[in-house]
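Quick note: numbers below take in every heavy atom, side chains included, and nothing from hydrogens, waters or symmetry partners. Lettering of chains follows the sequences in order, A, B, ..., and the numbering in each one begins at 1.
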Number of protein chains: 2
Amino acid sequence: MKELTPTGRVILGMLSMGRNTGYDIKQFVDKSTRHFWAASYGQIYPELRRLEEQGLVQSRSEPSGGRARTVFELTDLGREALREWLETTGDPLWELRCETMLKLFFSDAADPRYRIEQLRTFREQQERKLEQLRELEEPARTGSHNGPYLSLQLGLALVGSMVDWCREMEHQLVENDGSV
Amino acid sequence: MKELTPTGRVILGMLSMGRNTGYDIKQFVDKSTRHFWAASYGQIYPELRRLEEQGLVQSRSEPSGGRARTVFELTDLGREALREWLETTGDPLWELRCETMLKLFFSDAADPRYRIEQLRTFREQQERKLEQLRELEEPARTGSHNGPYLSLQLGLALVGSMVDWCREMEHQLVENDGSV
DNA sequence: AGGTGCATGTAACAGGTTACATGATTAA
DNA sequence: TTAATCATGTAACCTGTTACATGCACCT
């Protein structure tokens, strides 16, 4: 069996949770996994076709009124591929790209007061993210699946710790050089 | 002035810290920023040429023995571009791609005991990362720049909180369903 | 003589985003 | 009537990795 592509895995997962059109998948990604795994139409639609070629999903046309609509569902093979991926425990992908850390790293090449500036901007950004995550908490807690809630809690811990660290560090930096 | 590319910024920063060949930059990235910002030869060498075209860096050939070697340094324009980027405070790039969160998210489609399995694998991975970061702590603390130490602390806080969260969650999961 | 490190580079590939085009349905 | 939403799709672009090729220098 061919290895699943990253987006392929998201799609199979989303199908397993009852999302069944390309549009629907994208919408749902945008209000759930987007915080740790995004996807765009440019990936989703072609990938759905590829998955069908591989026999992992099955499409059928199901227009709503005169509006074209293609509904997908997992095949047995697809369900199997998803399960296999979920049950594999081998060095999972973990990628972080954080411009703030990079700026901090190079911050000796600029006026030191910009450190606080960067930290503040970053903290505010992460606080907004935290809020967005918190809005997902209630629906995730009461939903029919447990997975989303669990992954949300990990996200919350991660973002929360960064916000806390920033607050502390901003405090220290202000004390140390008295600048705003 | 044209906007810097992501790798262009890393290069300018590294040059400002005294790294002066493509090779040297790559080596240093690999033992410092790689945890939150990677770079490969395939990006670095072409980008150095592009930066020179834009007048941000200046190269000179400086062979060591019969071994070809091109040394780069920042021009005034390059220093200015770097400073400008460092002093800009606008919605910094922050991207996380975490396969474990994705697997947890979809974990209802597999046997629940794999949740603990995924968590454990992830924690071990992050513990290794934590160790690598800790090895960088001493040199960063005693080095001539403050930036690297600061960014390292943020990384440490982030990875540390995830490890803690995993431990706690693994504990809870084991209690709740008694498996493994 | 052979392995490791220094040093430069590129071609092929992978993965993903953005912007655009199209058009029906529904709620205001 | 018009804006938002549902719905599908693609082409151009960007960014980055991997694998490979090359060759000198230095240490054992």
**Study point:** Rounded to 10 degrees, the angle between the two terminal axes of the helix from C:dA1-D:dT28 to C:dA28-D:dT1, each from five pairs
**Key:** 30°
Review point. Given that B:R69 and A:G66 both sit by DNA chain C, which one's nearest nucleotide is further toward the 5' end?
Key: B:R69
Check your understanding: Between B:F72 and A:Q43, who's closer to the 5' end of DNA chain C by nearest nucleotide?
Key ->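 Closer to the 5' end of DNA chain C: B:F72.
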Point to revise | Contact check, side chains of A:E47 and A:V57, non-hydrogen atoms, under 4.5 Å | key: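 No. Closest side-chain heavy atoms not under 4.5 Å.
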**Study point:** Residue pair A:Q118 / A:L102, side-chain heavy-atom distance below 4.5 Å
**Key:** no
Revision key, fill the gap. CZ (A:R141) and CG (A:L136) are apart, to the nearest 0.5 Å, by 13.5 Å
**Study point:** Spacing of CD belonging to B:Q125 relative to CZ belonging to B:F122, to within rounding of 0.5 Å
**Key:**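 Between atom CD of B:Q125 and atom CZ of B:F122 there are 6.5 Å.
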Point to revise | Salt bridge flag under 4.0 Å for residues A:R83 and A:E80 | key: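 Looking at A:R83 and A:E80, the cut-off is met.
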Review point. Less than 4.0 Å between a side-chain N and a carboxylate O, is that true for B:K31 and B:E135?
Key: no
What donor-acceptor contacts under 3.5 angstrom involve side-chain atoms of residues 7-16 of chain B, with partners at least two apart or in another chain?
unit_1 : atom_1 : unit_2 : atom_2 : d
B:T7   : OG1    : B:Q43  : NE2    : 3.1
B:S16  : OG     : B:G13  : O      : 2.6

Using a 3.5 Å cut-off and no angle test, enumerate the donor-acceptor pairs between side-chain atoms of residues 148-159 of chain A and protein atoms at least two apart in sequence or in another chain.
unit_1 : atom_1 : unit_2 : atom_2 : d
A:Y149 : OH     : A:Q153 : NE2    : 3.4
A:S151 : OG     : A:P148 : O      : 3.1
A:Q153 : NE2    : A:E137 : OE2    : 3.2

Please state how far atom [atom1] in [X] lies from atom [atom2] in [N], giving the value in whole angstrom units.
X	N	atom1	atom2	value
A:L93	D:dG16	CG	P	15 Å
A:R67	D:dT8	CZ	P	10 Å
B:W37	D:dT15	CH2	P	11 Å
A:I44	D:dT8	CD1	C1'	12 Å
A:E95	D:dT15	CD	P	16 Å
B:R34	D:dG16	CZ	P	17 Å
B:Y45	D:dT18	OH	P	17 Å
A:D24	D:dC6	CG	P	9 Å

Check your understanding: Near DNA chain C, which residues from residues 4-23 of chain A have a heavy atom under 4.0 Å away?
Key ->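 By residue number: A:P6, A:T7.
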Review point. With a cut-off of under 6.0 Å to the ring centre and 45° to the axis, is A:R97 in cation-pi contact with B:W37?
Key: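 Satisfied, under 6.0 Å and within 45°.
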Point to revise | Under the salt bridge (charged side-chain N to carboxylate O under 4.0 Å, His left out) test, residues paired with B:R34 that sit two or more places apart | key: none
Study note, to complete from the structure: Outermost contacting nts on DNA chain C, any atom under 4.0 Å from chain B heavy atoms, listed 5' then 3', are C:dG5 to C:dG16
Check your understanding: Starting at the 5' end of DNA chain D and moving along, which residue's nearest nucleotide shows up first, A:R97 or A:T70?
Key ->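 With A:R97 and A:T70 compared, the 5'-side residue is A:T70.
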Practice item. Output, in order, the C-alpha distance, side-chain angles, deciding distance and verdict of salt bridge (charged side-chain N to carboxylate O under 4.0 Å, His left out) for A:R167 and A:E170. Key: CA-CA 5 Å; A:R167 267 193 234 284; A:E170 283 171 59; over 6 Å; no
